[in-house]
Number of protein chains: 2
Amino acid sequence: MASLKDVAEKAEVSIATVSRVINGNSHVQMDTRHKVQKAIKELNYRPSRVAQRLRSKGKESKLIGLVLPDIENPFYVDMIRGIEATAYNQGYSVIIGNFSQNKARSEMYIDILKSEGVNGFIVAPVNNEDPKVRELIKSGYQVTCVDRDMEGVEVDSVKINNEEAAYGAIKHLINLGHKRIGHVGGQWDIPTTKSRLAGYKRALLESGLPIEEELIITRSSDFQNGVEATTALLDLNRPPTAVFTGNNLLTLGALRAIHARELKIPSDIAIVGFDDMYWSELLNPPLTAVHQDGFEIGRRATELLLSRLVEPNRPCIKVILDAKLRIRKSCGAAQNGRLSTDL
Amino acid sequence: MASLKDVAEKAEVSIATVSRVINGNSHVQMDTRHKVQKAIKELNYRPSRVAQRLRSKGKESKLIGLVLPDIENPFYVDMIRGIEATAYNQGYSVIIGNFSQNKARSEMYIDILKSEGVNGFIVAPVNNEDPKVRELIKSGYQVTCVDRDMEGVEVDSVKINNEEAAYGAIKHLINLGHKRIGHVGGQWDIPTTKSRLAGYKRALLESGLPIEEELIITRSSDFQNGVEATTALLDLNRPPTAVFTGNNLLTLGALRAIHARELKIPSDIAIVGFDDMYWSELLNPPLTAVHQDGFEIGRRATELLLSRLVEPNRPCIKVILDAKLRIRKSCGAAQNGRLSTDL
DNA sequence: TTAAATCATGTAAACGTTTTCATAAATTTA
DNA sequence: TAAATTTATGAAAACGTTTACATGATTTAA
C-alpha cells in the first residue's frame with residue numbers, strides 16, 4: 001500500500017500538503033492540488049484507517065463496534081444489515097462481536113472492540129444491569145442500545161414495545177376462544193423476556209383468565225429449549241390449547257416438538273410466535289407471528305449513534321417502534337380477511 | 001484507555017520493558033515482571049490493536065477481513081460462525097463486508113478492509129475471474145477462497161463438490177421416477193451455479209433423459225427470482241414433475257410459488273433444494289435438501305488462512321468437503337428408512 | 001584475575017496519519 | 001514604499017506500539 005510519503009515524493013511536495021489535499025483543506029494552490037491528485041491516482045493511494053485512528057484517538061476513527069446476542073437469529077441478521085447499510089453510507093466500518101447469549105463472551109468482545117479503537121458501540125445489553133456496558137458508558141464511550149434497554153442510565157436506545165406486542169398476540173388467541181395459553185420464553189434475565197411475559201400476563205388478567213405457573217416456562221433462548229419446554233407443556237395433565245413462543249428460535253423448536261407428537265396445528269394446539277421471518281408463511285402451517293422490523297431498528301440505532309458522535313452531550317433519545325401481528329394459519333381461521341394488525 | 005506509558009510510569013520502568021513483559025520476552029527479571037504485571041492489572045491495561053497494527057504493518061495485525069456474498073443466507077451465517085469461533089480462539093478479530101451479490105460493493109469492501117490493515121482475507125469471489133481478488137493476491141495479501149474457487153490462481157480454497165452434490169440430488173429424483181425435472185439456478189456467472197447446473201445435466205444424460213432448455217432457468221440468486229422462475233416453470237405447457245433449486249433462498253421462493261398455486265408437494269410437484277437449514281424439516285412439507293456444513297467450511301478456511309500467515313509460501317491447498325442429501329418429504333416417500341445419504 | 005559472554009534494562013526510531021507552528025511569498029493597506 | 005495581513009507550504013510532534021541498538025551489570029570461561 002502506498003503511503004502519504006510515497007504520494008508526497010511523487011508530487012514533490014510535503015506530506016502535510018498531501019494530507020491537506022485529501023482532507024479538502026482550502027489552503028492549497030490549484031496547481032499543487034492537481035499535481036497531488038494525479039500522484040494519488042497513479043499510486044492508487046488510499047489513506048490507512050489504522051494510522052488515522054491512532055493519530056486521532058477515537059475522534060475520527062470511523063469504526064463502529066457491534067455487540068450482538070446471536071447471529072443465528074434472523075432478526076439480528078436484519079438488524080446487522082440495517083446497521084451496515086447506514087454506517088457504510090457515511091464512511092464508517094462496522095466490526096461485529098457475536099456473543100451467543102453468553103455473558104463472558106460479550107465482555108470479551110467489548111474489550112476487543114475497545115482495543116480496536118472503535119468510535120462508538122451498538123450493543124444489546126445482556127440484561128438490565130450489564131455492568132460492563134455501564135462501565136463502557138461511564139468511561140466516555142458513545143453507546144446505543146438496541147433490542148434491549150438499560151434502566152437508570154442515560155443512553156440512546158431503539159426497540160419495540162415488547163409488552164404491548166405480546167399483549168396483542170395473546171389477545172388474538174383469546175379472541176379466538178383460547179382459554180389455556182402456554183408461554184415458552186427466553187432466558188429469564190433478558191429484558192425482552194420479561195416484557196413479553198408481562199404482556200402475556202396482562203392480556204390474561206384483563207380477560208379474567210387465571211395465570212397458571214405450570215403454563216409458563218422461561219429458560220434459555222435457543223432452539224433446543226423451544227423443543228424441550230414445549231414438550232413439557234404438551235405433557236401436562238391439562239395441556240394448553242395454544243402456545244406463545246418468545247422468539248423465533250423458540251418458535252422453531254416448538255414446531256418441532258409439536259410435529260414430533262404428530263399434533264395438528266391449530267386444531268390440536270395453536271401457536272403464535274414472537275419474531276417473524278419472510279419465510280414464516282412457508283412453515284407448516286404458515287405461522288402467525290409478531291413482526292418487528294430489524295432492518296429499521298438497525299438503521300435508527302446507527303443514525304442515533306452517528307448523531308451522538310457529532311454532538312456527544314445531547315439529551316438521550318429512546319426510540320420505540322411499532323410491531324405488527326402477522327396473522328396466518330397457526331392460530332385458527334384468519335379474521336375478516338385482515339393479514340396483519342397494528343399492536 | 002491506559003497506554004504503555006502509563007503502565008511504565010506506574011511500574012517505574014521503561015515502556016520497552018513493559019512491552020517485553022506483555023509479549024513474554026524472557027529477558028526480564030522476575031521481580032520487575034511482577035511489578036509490571038501488577039501495574040497492568042491496576043490500570044486494567046490492554047494493548048491498542050490499532051497501534052500494534054500500525055507498527056507491525058500486517059505481519060502481526062491480528063485482523064481478518066471477510067468478504068461474503070449475502071449475510072441473509074443462513075448458509076453464510078453458519079460460515080461466519082465457524083470463522084469467528086476459530087479466529088477469536090487464536091486472538092484474531094474479524095471484520096465483515098457483506099456485498100449482497102453486488103460486484104461494486106464487493107470491491108468497495110475489499111478496499112476498505114485493505115485500509116483497515118487486515119492481515120489476510122477470506123473471500124467468496126464474485127466469479128471465476130474476479131479481477132479484484134486476483135489483484136489482491138498478486139499484491140501480496142494472503143487470501144483464502146470459500147464456497148467458490150478461482151481458476152488459474154494459486155490460492156487456498158474450501159468448498160464442497162457442487163457438481164457431485166447436484167448430481168446426487170437429481171439422481172434421487174430420477175430414482176423416484178421423475179423424468180421431467182426443472183432447475184432454478186442462481187446468478188449465471190457464480191461458480192457454484194455453473195457446477196450445480198453441470199451436475200444436473202450429467203445426471204440426466206447418464207439416465208438417458210433429454211436436457212430441455214425450457215426447464216432450466218439460472219438468473220439471480222435471491223428469493224424473488226425463486227418465486228418468478230418457479231412460476232414460469234409451472235406455466236409451461238408441459239410443466240416439470242420436480243424442481244431442483246440452486247440455493248436456499250431460491251428454494252424458499254419456489255415453495256412460495258408452488259403454494260400460491262395451491263399445488264401439493266410432492267404429488268403435484270416434487271422439490272429438492274440445495275442448502276439445508278436446521279429448520280428445513282419444519283417447512284411445508286419437510287424439505288429434502290443437499291446439506292453442506294457451513295460452520296466446518298468456515299473453520300477450515302480460517303485454519304488455512306492462519307497457517308498461511310505463518311508460512312506464506314507453502315503450496316496451496318484445496319479442501320473439498322462432502323455434502324449429504326437429507327431426505328425428507330418433498331420428493332416422495334423416504335427410501336428404506338434412510339434419512340440421509342452420502343454424495 | 002581478566003577477557004568474554006550473557007543478561008536486564010533503557011533509548012530511540014519507525015509505522016502513517018493529522019495538526020500546530022514556523023516561514024516565506026504574495027497581497028493588501030496606509 | 002513600507003508595514004501589515006493573508007496565503008501556501010514545510011517541519012516536526014504526537015498517537016501507542018515493537019524492536020534494533022546501546023549500556024552497564026553480572027556471570028562464565030580461560
Side-chain angles (χ1 to χ4, degrees), chain A residues 1-37 39-40 43-63 91 93 111-112 114-119, chain B residues 1-37 39-40 43-63 91 93 111-112 114-119:
Chain A
M1 290 273 273
S3 75
L4 260 196
K5 205 169 142 197
D6 301 323
V7 177
E9 273 165 20
K10 183 145 218 159
E12 295 174 303
V13 296
S14 75
I15 58 168
T17 300
V18 180
S19 177
R20 278 189 275 256
V21 170
I22 289 166
N23 297 297
N25 185 307
S26 55
H27 285 237
V28 45
Q29 247 177 351
M30 265 310 180
D31 54 342
T32 27
R33 184 181 299 271
H34 288 317
K35 259 196 315 189
V36 169
Q37 282 166 337
I40 288 177
L43 291 170
N44 191 20
Y45 166 80
R46 305 201 69 203
S48 154
R49 298 206 157 196
V50 179
Q52 290 179 324
R53 195 163 297 138
L54 177 60
R55 162 62 211 218
S56 40
K57 226 177 133 75
K59 204 174 169 244
E60 300 277 336
S61 89
K62 298 267 181 189
L63 183 65
S93 302
D111 281 339
I112 290 178
K114 265 161 101 171
S115 99
E116 288 289 356
V118 301
N119 215 292
Chain B
M1 289 273 273
S3 76
L4 262 196
K5 206 170 142 199
D6 301 323
V7 177
E9 274 165 20
K10 182 145 220 161
E12 296 174 302
V13 295
S14 74
I15 58 169
T17 300
V18 179
S19 177
R20 278 188 275 255
V21 170
I22 290 165
N23 297 296
N25 184 308
S26 55
H27 287 236
V28 44
Q29 243 176 356
M30 265 310 180
D31 54 343
T32 26
R33 183 182 300 271
H34 288 318
K35 257 195 317 189
V36 170
Q37 283 166 335
I40 288 178
L43 290 170
N44 192 20
Y45 166 81
R46 304 202 69 203
S48 155
R49 297 207 158 196
V50 179
Q52 289 180 323
R53 194 164 298 137
L54 178 60
R55 161 63 211 216
S56 40
K57 225 183 133 84
K59 205 173 168 249
E60 300 277 336
S61 89
K62 297 270 182 186
L63 181 66
S93 302
D111 281 338
I112 290 177
K114 265 161 99 172
S115 97
E116 289 289 357
V118 302
N119 214 293

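Keep in mind the model is a prediction, meaning the values are calculated, not measured. Numbered from 1 within each chain, the chains take letters A, B, ... in sequence-line order.
Legend: residues meeting side chain to side chain donor-acceptor pair (under 3.5 Å) with B/Thr17, ordered by chain and number and at least two apart, are B/Ser14. Among residues two or more places apart in sequence or in another chain, the salt bridge (Lys or Arg N to Asp or Glu O under 4.0 Å) test is passed with A/Asp111 by A/Lys132. Qualifying salt bridge (Lys or Arg N to Asp or Glu O under 4.0 Å) partners for B/Lys10, counting only residues two or more places apart in sequence or in other chains: B/Glu42. Looking at residues two or more places apart in sequence or on another chain, you find no side chain to side chain donor-acceptor pair (under 3.5 Å) involving A/Asp31. For the side chain to side chain contact (heavy atoms under 4.5 Å, CB included) test, residues two or more places apart in sequence or in another chain that qualify with B/Glu9 are B/Lys5. Scanning for side chain to side chain contact (heavy atoms under 4.5 Å, CB included) contacts around A/Ser115 gives B/Met1, B/Arg49, with sequence neighbours left out. Residues satisfying the salt bridge (Lys or Arg N to Asp or Glu O under 4.0 Å) criterion with A/Lys114, sequence neighbours excluded, are A/Glu135.
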Are there any protein N/O atoms within less than 3.5 Å of an N/O atom in nucleotides 14-17 of chain C, and if so, which ones and at what distance?
residue : atom : partner : partner atom : Å
C/dA14  : N3   : B/Arg55 : NH1          : 3.0
C/dC15  : O2   : B/Arg55 : N            : 3.2
C/dG16  : OP1  : B/Lys57 : NZ           : 2.8
C/dT17  : OP1  : A/Tyr45 : OH           : 2.8
C/dT17  : OP1  : A/Ser48 : N            : 3.1
C/dT17  : OP2  : A/Leu4  : N            : 2.7
C/dT17  : OP2  : A/Tyr45 : OH           : 3.4
C/dT17  : O5'  : A/Tyr45 : OH           : 3.2

Polar pairs (N or O, both sides) under 3.5 Å between protein and nucleotides 23-29 of chain D?
none

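Heavy atoms of B/Val50 sit nowhere under 4.0 angstrom from any nucleic acid atom.
The interatomic distance linking A/Asn25 (CG) with C/dT20 (P) rounds to 11 Å, in whole Å. As rounded to whole Å, 12 Å separates atom P of D/dT17 from atom CZ of B/Arg49. Atoms CD (A/Gln29) and C1' (C/dA24) sit 13 Å apart, rounded to a whole Å. In this structure, the NE2 atom of B/His27 is 16 Å from the P atom of C/dA5, given to the nearest Å. A/Ile22 places its CD1 atom 6 Å from the P atom of C/dT18, with the value rounded to the nearest Å. One can place NZ of A/Lys35 at 12 Å from C1' of D/dA8, the figure rounded to the nearest angstrom.
No side-chain heavy atom of A/Leu4 sits less than 4.5 Å from a side-chain heavy atom of A/Pro47.
For the helix from C/dT1-D/dA30 to C/dA30-D/dT1, the end axes, each set by the C1' atoms of five terminal pairs, are bent relative to each other by 50° (nearest 10°).
Among C/dA8, C/dA12, D/dG10, the nucleotide with an atom closest to any side-chain atom of A/Arg20 is D/dG10.
For D/dG10, the OP1/OP2 oxygens have a side-chain nitrogen or oxygen of A/Thr17 closer than 4.0 Å.
Taking a cutoff of 4.0 Å between a charged side-chain nitrogen and a carboxylate oxygen, A/Glu116 and B/Arg46 do not qualify as a salt bridge.
Only one option out of A/Val7, A/Val13, A/Val28 pairs with A/Val21 in a side-chain contact (heavy atoms from CB on, under 4.5 Å); it is A/Val28.
The shortest non-hydrogen separation linking A/Ala51 to B/Leu54 is CB-CD1, 4.0 Å.
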